[in-house]
Amino acid sequence: MIVEGAAGAAYEAGLLALREGALLELAVRALRAAPDVLLVNATGRDHPRRAGLATHLGAMLGLPTVGVTHRALVAHGDRPSDEAGGRSPLLLDGECVGAWLRTRPGTRPLAVHAAWRTDPDVAVRVVLAATRGARTPVPLRAARRAARSARAATCSAAVGD
DNA sequence: GCGACAG
DNA sequence: ATCTTGTCGC
């Protein structure tokens, strides 16, 4: 099933939930079975008000969530060692809100975020379990492929071919 | 001198 | 996200 709709607002750092929160919530609710944990391409507690999109989504759905991004929003942390599983804490006001995680040697680490009912350790464990040798977690790659495919179908239909 | 801050 | 540069594997 394809869930589509307009963005709720233009992109603005720190306000991502305002842009895609409602649509993502609808998409998850459309699932036949509720997942045990949700991987979200957004931050969690790494946010000015400790409420990144991953945290928002988990709260609205009542599902544990883990965030995964290319970079941090406001948290800071040293680079992890260049070995599979290498990690270093992402801190915000002295609190650990996530971790830089080397999912694959020789590639840039991923920012893994504790979000709704999850902590940095659980976030790292979930991401590593969902990664298996690839740099990006398998579920996120699958989601991007599905989104690209759906978008292409929708756009070509709108144009008329 | 410019930008810094998820997608 | 989008773009550009650099590296790796088929």
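Each chain gets a letter, A, B and so on, in the order its sequence line appears, and its residues count up from 1.
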Q) Could you run down nucleotides 4-10 of chain C 5' to 3' and tag each one B, S or - for protein heavy-atom contact under 4.0 Å? A) -------
Q: Answer yes or no on whether A:R45 is positioned over the face of A:W116, meaning its NZ or CZ is under 6.0 Å from the six-membered ring centre and within 45° of the axis.
A: no
Q: Would you mind reporting whether A:P64 and A:D36 have side-chain heavy atoms less than 4.5 Å apart?
A: no
Q.
Under 4.0 Å between a side-chain nitrogen and a carboxylate oxygen: does that hold for A:R87 and A:D121?
A. yes
Q) Taking side chain as C-beta onward, heavy atoms only, is A:T131 less than 4.5 Å from A:V138? A) no
Q) For every nucleotide of nucleotides 2-7 of chain B, 5' to 3': is a protein heavy atom under 4.0 Å from its base (B), only from its sugar-phosphate (S), or from neither (-)? A) ---BBB
Q | Side-chain donor or acceptor of A:D46 paired with backbone N/O of A:A72 under 3.5 Å | A | no
Q: Represent DNA chain B in dot-bracket notation, 5' to 3'. Only Watson-Crick or G-U wobble pairs with both distances under 3.5 Å count; pseudoknot-style crossings use [ ] and interstrand partners use |.
A: .......
Q. Is there a donor-acceptor pair closer than 3.5 Å between any side-chain N or O of A:R102 and the backbone N or O of A:P80?
A. yes
(Q) Do A:R144 and A:N41 have side chains that approach each other closer than 4.5 Å (heavy atoms only, starting at C-beta)? (A) yes
Q.
Could you tell me if A:T55 and A:H47 have a donor-acceptor pair between their side chains, going purely by distance under 3.5 Å?
A. no
(Q) Test your reading of the model: is there a side-chain donor-acceptor pair from A:T65 to the backbone of A:A54, 3.5 Å cut-off? (A) yes
(Q) Does any part of the side chain of A:H113, heavy atoms only, come nearer than 4.5 Å to the side chain of A:V68, both counted from C-beta? (A) no
